[in-house]
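Before any comments, here is the structure.
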Amino acid sequence: MSAVFEMTGVDLAGPILLRNRDKVWIEIFTCGVYRAIHFELVSDFSTQSFLLALKRVISRRGRVKTIYSDNGTNFVGRNNELQNIGWSVIIAYSDFKIS
């Protein structure tokens, strides 16, 4: 059995114009196993906005193991940035164990 949102797809919808004329986008997270969905509002396409939305999803839904996207330009930039993260430091700091 897989946990909900362990295998996740992500996409963006929008922009949506708010009453105060701000633009926002909806980050859509879909569970690949149970077909559950989770929406997060983001204010821009920056990597920081995506990572904050992902952090909120993980805090509510649990750890994500695999993320699939449509390889839009906004996701390609995020992928490139994630490749430069020191994953060994993150794994050592977390309680994650590799078997």
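Quantities reported herein were computed from a predicted structural model and do not represent experimental measurements.
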message = Hydrophobic clustering (ILVMFWY, side-chain heavy atoms < 4.5 Å, transitive) - are Val57 and Tyr68 grouped together?
response = yes

note = Rounded to the nearest 0.5 Å, the CD1 atom of Ile26 sits from the CD1 atom of Ile16 at a distance of 3.5 Å

ask   = For Leu52, which fellow cluster members are found when Ile, Leu, Val, Met, Phe, Trp and Tyr are connected by side-chain heavy-atom distances below 4.5 angstrom, either directly or through intermediates?
value = none

request  = If a pair satisfies ring-ring contact (aromatic ring centres under 6.0 Å, His included) and one of its residues is in residues 2-22, list it, with sequence neighbours excluded.
outcome  = none

key: Atom pair CD (Glu27) and CZ (Phe50), whose distance is rounded to the nearest 0.5 Å   = 5.5 Å

remark   = When rounded to the nearest 0.5 Å, the distance separating OG1 of Thr8 from NZ of Lys65 is 12.0 Å

ask   = What is the distance from atom CG of Leu41 to atom CG of Leu18, rounded to the nearest 0.5 Å?
value = 7.5 Å

Nearest-0.5 Å distance, CH2 of residue Trp25 to OG of residue Ser49 = 9.0 Å

message = Taking Val4 as the starting point, is it possible to reach Val64 by hopping between hydrophobic residues whose side chains are less than 4.5 Å apart?
response = yes

query = side-chain contact (heavy atoms from CB on, under 4.5 Å) between Val10 and Leu54: does it pass, once the steps are laid out?
reply = CA-CA 10 Å; Val10 63; Leu54 181 60; over 6 Å; no

Give the table of side-chain donor-acceptor pairs shorter than 3.5 Å for residues 29-38, with sequence neighbours excluded, one pair per line with atom names and distance.
from	atom 1	to	atom 2	distance (Å)
Tyr34	OH	Ser2	O	3.0
Arg35	NH1	Cys31	O	3.4
His38	ND1	Arg61	NE	3.0
His38	ND1	Arg61	NH2	3.2
His38	NE2	Glu40	OE2	2.7

